Every structure is written in structure tokens, then in C-alpha cells.
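These notes are about the structure you will find just below.
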Amino acid sequence: MRIDTQLEIDLRQAIKNAQTAGTLPEFEIPEVSIEKPRDPENGDYATPTPLRLAKLARMAPVKIAQAIADQMTALDYLGEVAVAAPGFINFRLSSAYIQGLVEQILEKGMDFGSINIGAGKKAQVECVSANPTGPITLGRTRGGVMGDTLARAMRAAGYDVTLEYYYNDAGRQITMLGESVKTRYLQQCGQDIELSDEHYQGAYITDIAEELFQQHGESLQDQPSDYFGDIAKDQISQHQKESLKSINIEFDVYFRENSLYEDGQVWEALGILEGKGYVYEKDGAKWFRTTDFGDDKDRVIVKNTGEPTYRMPDIAYHWNKAQRGFDLVVDFFGPDHHATAPQVLMGVQALGYDTSFVRTVLHQIVSLVRSGEQLKMSTRRGTYVTLDELVEEVGPDPIRYFMISRSGNSEIIFDLDLAVEQSDKNPVYYIQNALVRCAGIFRKWEEAGYAPDADKDADLSLLTHENEKRFLLKALELSNVLELMVDESAPHHISFFAYELASMFHPTYETCRVLHSEVPEDVRLARLRFYRAAKQLFARVLDLMGMSAPEVM
RNA sequence: GCCCCAGUAGCUCAACGGAUAGAGCGCCGGACUUCUAAUCCGUAGGUUGGGGGUUCGAUUCCCUCCUGGGGUACCA
């Protein structure tokens with residue numbers, strides 16, 4: 001049981017007890033809350049509940065607080081219960097409870113901090129969803145890291161999560177892709193032919209064409225551009241998967257847009273919208289009456305060519321998600337899709353579904369800085385930086401960390417120099433170095449000839465240093481962080497937590513030595529136990545962030 | 001015009017309606033015979049863009065205005 005949840009239950013019971021004892025009047029008890037005070041002077045936990053009860057009880061908040069506090073003095077996990085103006089009750093955990101966290105962390109291992117607010121509910125996280133027409137870009141990477149990190153948090157919070165990638169494997173873009181590759185191929189064959197502005201200009205197109213030329217010579221010249229499109233799309237798609245895997249993102253499902261056509265769901269959904277009167281024809285196109293749902297203008301869903309716009313399959317896809325029975329769906333969208341998300345939900349609503357099961361998480365752009373200079377990027381000119389290039393330059397861990405180092409609502413300025421800097425200025429190294437320092441203690445320990453498991457029965461009551469206590473209290477916050485991440489669909493909280501945990505660790509490492517000669521033997525064993533737990537906890541937190549946990553750097 | 005996001009310390013950003021608004025960087029000043037100084041300790045720094053409102057209490061919620069960014073396709 002989470003200690004703050006326990007405290008909430010006991011607080012509620014204390015209010016009841018005070019009412020029974022007559023120190024509080026009878027009233028229906030509203031929601032009570034436990035929070036972490038910002039200032040540690042105000043206890044490890046606190047509640048402002050007496051302030052909220054003032055009206056109901058018709059008493060001064062401080063008196064209410066005292067009446068409740070009097071009922072909570074016997075709880076064994078609490079060391080102190082204090083009333084503070086203007087009506088807070090501050091709680092301090094007992095030393096024994098805090099020291100006992102060391103064993104809790106070691107017992108739970110990679111499940112430490114897990115909660116069960118998901119209770120096995122089916123959830124889906126959709127992110128990246130780039131079309132197979134080019135490499136993964138930085139913007140898509142951000143969505144991917146955010147989505148994957150949230151998925152990890154949701155799993156740790158008891159959800160049954162499917163991580164899903166949706167991509168367009170047919171239609172105009174693939175046609176353009178095929179034409180682009182074919183053109184490059186024909187150039188290889190010596191033909192005088194140029195790409196148009198609409199074609200994909202990137203060097204990867206030429207690479208694919210060159211490879212085809214090397215394998216098949218000039219024998220493919222009469223193949224239609226669809227032939228080239230199919231090959232290119234499969235190759236690029238495969239490459240995207242590998243790129244994402246290199247930063248520890250692996251999808252459970254790759255959902256093909258074309259399957260919505262093959263199964264007829266696009267036309268079926270359109271038929272329902274038409275049947276309900278949400279569609280009208282104008283200028284040879286079919287328009288979806290989004291103004292019925294608060295949009296400022298109606299939107300085309302079938303072009304005058306008879307081909308649906310991207311909105312129609314997007315709506316069908318979300319209709320499909322609804323039918324698959326997800327209790328919760330989280331979609332990540334980059335800045336270029338901010339406007340379309342609401343329209344898709346309008347479609348799902350028009351199809352007769354309550355859209356509250358879908359949450360859309362928007363994020364802002366990522367820009368790169370090197371030597372203090374902002375790098376100019378343009379997708380059209382093909383001068384963008386790809387995920388692969390970034391992995392090659394800085395490695396996967398800094399990418400994972402910095403992509404969730406800000407709230408999605410803030411722009412990220414990715415500093416290429418900082419990302420590889422090996423110092424306390426770089427949070428990635430700062431955090432990982434905490435685990436490295438723990439590992440170092442264990443190496444030296446065994447070198448000094450001690451038994452590897454000498455700490456297993458250590459007397460944890462010897463962990464009396466304030467720094468050790470602060471670290472363990474911070475560890476206790478992991479559950480709250482996971483809950484917050486899931487409630488807000490906001491993965492960035494874990495990066496702040498990891499940093500704070502490290503900043504509690506390093507001072508402890510400086511002050512609470514293990515192998516130094518002046519440390520008494522029993523304290524030495526207790527501290528070794530502590531660092532064993534600390535190491536375990538960093539491994540846990542790094543795993544939640546999809547980062548590696550190196551023992552040496 | 002309309003929609004979304006942002007505006008908090010010199011800079012980059014946190015802060016699930018609570019107490020004296022916090023970190024990092026930068027600045028300034030300190031600390032290594034002993035587990036990696038890849039680190040630690042300390043000082044300074046604020047009218048939370050402006051103005052109203054709701055509340056016992058607002059950076060947080062509501063209204064309005066200002067500034068910056070993005071979007072506003074019969075592209076996806």
C-alpha cells in the first residue's frame with residue numbers, strides 16, 4: 001500500500017473518530033487530500049483538509065486540525081503529527097519506516113513504485129505514425145519518445161498497453177514516392193530526366209535507386225512506378241523500425257491505413273456519416289459538416305476526384321480504435337497536426353461514439369543547437385536532421401532524456417554539445433553516474449575481500465544521516481510521479497524526478513562513505529545495503545525512461 | 001479573422017487550487033591523502049506579461065488586453 005494512500009485512509013478515519021468523540025460536529029466528510037509540502041520544514045506529508053472543512057464544521061481551521069491530529073498519534077508509521085497555521089496538519093514519517101524503504105526497494109526491484117490505477121484496463125498509445133516516405137525526423141522522434149515513455153509509465157500503473165504506429169501505405173504520397181525512386185533509377189540508367197517539385201528530393205531516394213540498379217541493372221526500366229513505390233515503402237518502413245529500435249522504441253502494432261480501405265471501413269464510416277446527414281456535396285466534393293461540432297468551417301472529406309482526404313481514413317481509424325474496445329487511447333501529435341486532431345474527434349462523435357476515451361497530446365517543435373548556434377532545418381529542402389544522424393552523434397540515451405526533458409507544450413532546444421558532455425552539467429551523465437558510483441562501491445567492496453552479500457542482515461536503524469533520509473523520501477515519490485504522468489498524459493515528469501533523485505544521491509555519496517577507515521563496521525554494512533537499494537532504484541528509473549544503466553562510464 | 005501553445009530569476013525551464021514560487025545553466029566564493037572531482041558545499045538573483053473576477057487561499061480556474069511561436073489545403 002502506498003504510504004500517502006494509507007495516510008489518506010487514516011486521515012478520513014480520524015475525522016470520523018473525532019466526530020464520534022464529539023470534538024468535531026457531524027457533517028458528511030468530503031474528499032480529503034494528502035500532499036507533499038514544498039518546504040520540508042512542513043513535514044514529509046501534509047494535508048490542508050481542515051481548511052476545507054471550516055465551513056462544514058463551522059469551526060476555526062486550526063481547531064479542526066487539532067481535533068483530527070489528536071486522533072492520529074498512534075499510527076506506527078508516523079513519527080510526528082503537528083498542527084500548523086492557518087490549518088494544515090503536517091506529518092513526519094517514522095525513522096523506522098523510512099529506513100525500511102531500503103528493503104522495500106530491494107524486494108520490489110523493477111516493480112518498485114508501481115501502482116494500479118489502470119486496474120488492467122485496455123489502453124492504446126499511438127505515436128510517431130510517420131508515412132513510409134522518408135527517415136524519422138526530430139519532431140516524430142519527440143512524439144515517439146513521449147509516447148513510449150508514457151506507455152512504460154502506464155504499464156507500471158497497471159494498464160494493458162498497446163503501443164501503435166499508424167501509417168499511410170497507399171495513395172498519393174506512395175505514388176509520389178514511387179515516381180521519385182523510378183526517376184532516380186532511370187537517371188542511373190543514363191536517362192535525361194528530372195524530379196518535379198512534388199517529388200521526394202532526399203538522398204535516401206537515390207540510395208534506394210542505386211541499390212536497385214546494382215542488383216537489377218537496367219532491367220527494371222519498364223516497371224510501373226508502383227513497383228518502385230512498393231519496394232521503397234517497404235524498405236523505408238523497415239528502416240524506420242530499426243531507427244526507432246535504436247532508441248528503444250518497439251511498437252506492438254503497425255497499423256496500415258490501406259487496411260481500412262481493404263476492409264471497407266472507410267466507406268462504411270462515410271456511409272454512416274452520410275446517413276446521419278453530416279455530409280453534403282459542393283463543387284463536386286463531399287464536405288463533412290464539422291461546424292455542427294463547433295468548427296469554424298466545414299471540411300472536405302472526399303475530393304472531387306472521388307478520393308478521400310486524409311481526414312476520412314483518420315476518422316475511420318479512430319472509429320476502429322473505438323470498436324477495438326480500448327478504455328483509453330492516447331494520441332501524440334506534432335505541431336503540424338495540431339489542427340486536425342479535433343476534426344477527427346468530431347468524426348468519431350458524429351459516428352455515435354463518446355470521444356472521452358481519446359486523449360490527444362500535442363507537442364511543440366524540437367530545434368538543434370551546436371556551439372551556441374541554432375541549426376536551420378527545412379523538410380522541403382531536405383536539410384533536416386534525422387533520428388539516425390542524431391543517434392550517431394550523441395547516442396540513444398541523451399535523445400531519450402532530452403526529448404522528455406520539457407513539457408510537451410514547450411519547445412525543446414536540443415544542445416548537441418551538452419548532450420555528449422561528460423559532466424554534472426549534462427543531466428544524462430549526472431543521473432547515470434549515480435548508478436556508476438554505486439557499482440563502484442560494490443567493485444571495491446569485493447576487491448577488499450568482503451563477502452558479496454555481507455549486508456543482507458544489516459541494521460538499517462544505523463541509517464541516520466539526513467541525506468540518506470532525503471534520498472529515501474524522494475524514492476517514495478516515484479508512485480506519485482507515475483500517477484501524475486498517467487493522469488496528465490505528461491511523460492516529462494519522470495525526467496525531472498530522475499534528476500532530483502540523482503541530486504539527492506550525490507550529496508549522500510559524498511557524506512555517507514562506506515569503505516573509509518573511520519566508518520564503523522555495522523554502519524558500513526547498513527550503508528552498503530542502502531547503496532544496493534539506490535543502485536536498484538536508478539536501474540528502475542532509467543528503465544522507465546528507456547535508457548541504459550551502465551555500471552562503468 | 002479563427003484555433004492551439006507559450007510569456008515565471010540574466011538564460012533554459014518546473015511547480016497534480018495550498019504554506020516563504022523552485023531547479024539547472026551563468027555569476028561570485030569555497031572543498032579532493034581514503035568507494036571515480038564525471039562530484040559536493042555556499043552567496044546573490046522575482047511585481048509569475050498587464051488589468052479585472054471566483055476562492056479562506058490563484059503561477060494554477062474564468063473574462064479581457066498585449067507580445068512571441070505554430071496552425072488555419074480538394075497534402076498527410
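All values below come from the heavy atoms of this structure, side chains included, with hydrogens, waters and symmetry mates left out. The model shown is predicted, which means the values in this text are computed figures rather than measured ones. Convention: sequence-line order gives letters A, B, ...; per-chain numbering from 1.
Taking side-chain N and O atoms only, A:H338 has no distance below 4.0 Å to OP1 or OP2 of B:rG69. Using a 4.0 Å cut-off, no side-chain N or O of A:K282 falls inside it from OP1 or OP2 of B:rC74. The shortest distance between the side-chain N/O atoms of A:K297 and the OP1/OP2 oxygens of B:rA73 is below 4.0 Å. Distances shown here put every side-chain N or O of A:R172 at or beyond 4.0 Å from the OP1 or OP2 atom of B:rA76.
Although no hydrogens or angles enter the test, the distance criterion places a donor-acceptor pair under 3.5 Å between the side chain of A:D415 and the main chain of A:D417. No donor-acceptor distance shorter than 3.5 angstrom exists from the side chain of A:R527 to the backbone of A:V514, with no hydrogens or angles considered. Of the possible donor and acceptor atoms, one in the side chain of A:H338 sits under 3.5 Å from a partner among the backbone N and O of A:H363. Put simply, the side chain of A:R311 gets close to the backbone of A:V300: a donor and an acceptor are under 3.5 Å apart. Side-chain N or O atoms of A:T47 include none that pairs as donor or acceptor with a backbone N or O of A:V32 at under 3.5 Å.
The residue A:I365 sits apart from the nucleic acid: no heavy atom pair falls under 4.0 Å. Residue-level contact check: A:N90 touches the bases, meaning some heavy atom is under 4.0 Å from a base atom. Backbone-only contact: A:N131 has heavy atoms under 4.0 Å from sugar-phosphate atoms and none from a base. Across all strands shown, A:H492 has heavy atoms under 4.0 Å from sugar-phosphate atoms exclusively, and none from any base. Contact annotation for A:D283: base contact, defined as any heavy-atom pair under 4.0 Å involving a base atom. Using a 4.0 Å heavy-atom distance criterion, A:N480 is classed as making no nucleic acid contact. When heavy atoms are screened at a 4.0 angstrom cut-off, A:F496 is found touching the sugar-phosphate backbone but no base atom. As judged by a 4.0 angstrom heavy-atom cut-off over every strand, A:E257 is placed among residues touching the sugar-phosphate backbone only. Among the protein residues, A:K286 comes within range of no part of the nucleic acid, since none of its heavy atoms lies under 4.0 Å from any strand. Using a 4.0 Å heavy-atom distance criterion, A:A490 is classed as making no nucleic acid contact. Contacts of A:N168 with the nucleic acid, taken as non-hydrogen atoms under 4.0 Å apart, involve only primed sugar atoms and P, OP1 or OP2. Across all strands shown, A:A339 has heavy atoms under 4.0 Å from sugar-phosphate atoms exclusively, and none from any base.
Taking the O4'-C1'-N9-C4 or O4'-C1'-N1-C2 dihedral as appropriate, B:rC66 has a value more than 90° from 0 and is therefore anti.
Note: A:Y166 and A:Y254 fail the aromatic proximity criterion, with ring centroids not under 6.0 Å apart. Aromatic rings of A:F255 and A:Y165 (six-membered ring for Trp) have centroids beyond the 6.0 Å cut-off, not under it. Under the 6.0 Å cut-off for aromatic ring centres, A:F91 and A:Y45 do not qualify, their centroids lying 6.0 Å or more apart.
Regarding A:L362, its CG atom lies at a distance of 16 Å from the P atom of B:rC3, rounded to whole Å. The separation between A:E41 atom CD and B:rU20 atom P is 14 Å, rounded to whole Å. Between the CE atom of A:M485 and the P atom of B:rA15 there is a distance of 13 Å, given to the nearest Å. Taking atom CG of residue A:L418 and atom C1' of nucleotide B:rG24, one finds them 10 Å apart after rounding to whole Å. Spacing between atom CD of A:E500 and atom C1' of B:rA14 amounts to 8 Å, rounded to whole angstrom units. Rounded to whole angstrom, the span from the CZ atom of A:R52 across to the C1' atom of B:rG18 amounts to 8 Å. As rounded to whole Å, 15 Å separates atom C1' of B:rA23 from atom CG of A:L501. Rounded to whole Å, atom P of B:rU72 lies 12 Å from atom CG of A:D296.
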Applying ring pair (Phe, Tyr, Trp, His ring centres under 6.0 Å) to A:Y531 and A:F442, what does each step give before you reach the verdict? CA-CA 9 Å; A:Y531 287 110; A:F442 288 98; 8.0 Å; no
Kindly indicate, with the supporting measurements, whether the criterion side chain to side chain contact (heavy atoms under 4.5 Å, CB included) is fulfilled by A:R406 and A:R142. CA-CA 11 Å; A:R406 301 277 179 262; A:R142 181 173 188 183; 4.2 Å; yes
Once base and sugar-phosphate atoms are separated, protein heavy atoms under 4.0 Å mark nucleotides 34-41 of chain B, 5' to 3', with B, S and - as BBBSBBSS
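Remark: A:R513 qualifies as a cation-pi partner of A:Y509 under the 6.0 Å distance and 45° angle criteria applied to the six-membered ring. The side-chain tip of A:K286 does not point at the ring of A:Y280 from less than 6.0 angstrom away and within 45° of straight on.
In this structure, B:rC28 and B:rG42 make a Watson-Crick or G-U wobble pair, each of the two defining distances being under 3.5 angstrom. Pairing for B:rG68 is with B:rC5, a Watson-Crick or G-U wobble pair whose two hydrogen-bonding atom distances lie under 3.5 Å. Pairing for B:rU33 is absent, judged as Watson-Crick or G-U wobble with the two contacts each under 3.5 Å.
Only A:T309, A:Y310, listed by number, bring a heavy atom of residues 308-316 of chain A to less than 4.0 angstrom from any atom of RNA chain B. Within residues 402-416 of chain A, the residues that have a heavy atom under 4.0 Å from RNA chain B are, in order of number, A:R406, A:S407, A:N409, A:S410, A:E411.
For the atom pair NZ of A:K36 and CG of A:L476, the computed distance is 7.0 Å after rounding to the nearest 0.5 Å.
Rounded to whole Å, the C1' atom of B:rG52 lies 23 Å from the corresponding atom of B:rG46. Look at the P atom in both B:rC11 and B:rG26: the space between them is 16 Å, to the nearest Å. For the C1' atoms, the distance linking B:rG7 with B:rG51 amounts to 16 Å, nearest Å. Going from the P atom of B:rG10 to that of B:rU48 covers 13 Å, rounded to whole Å.
The aromatic rings of A:H492 and A:F496 lie perpendicular to each other, with more than 60° between the two planes, well past the 30° mark.
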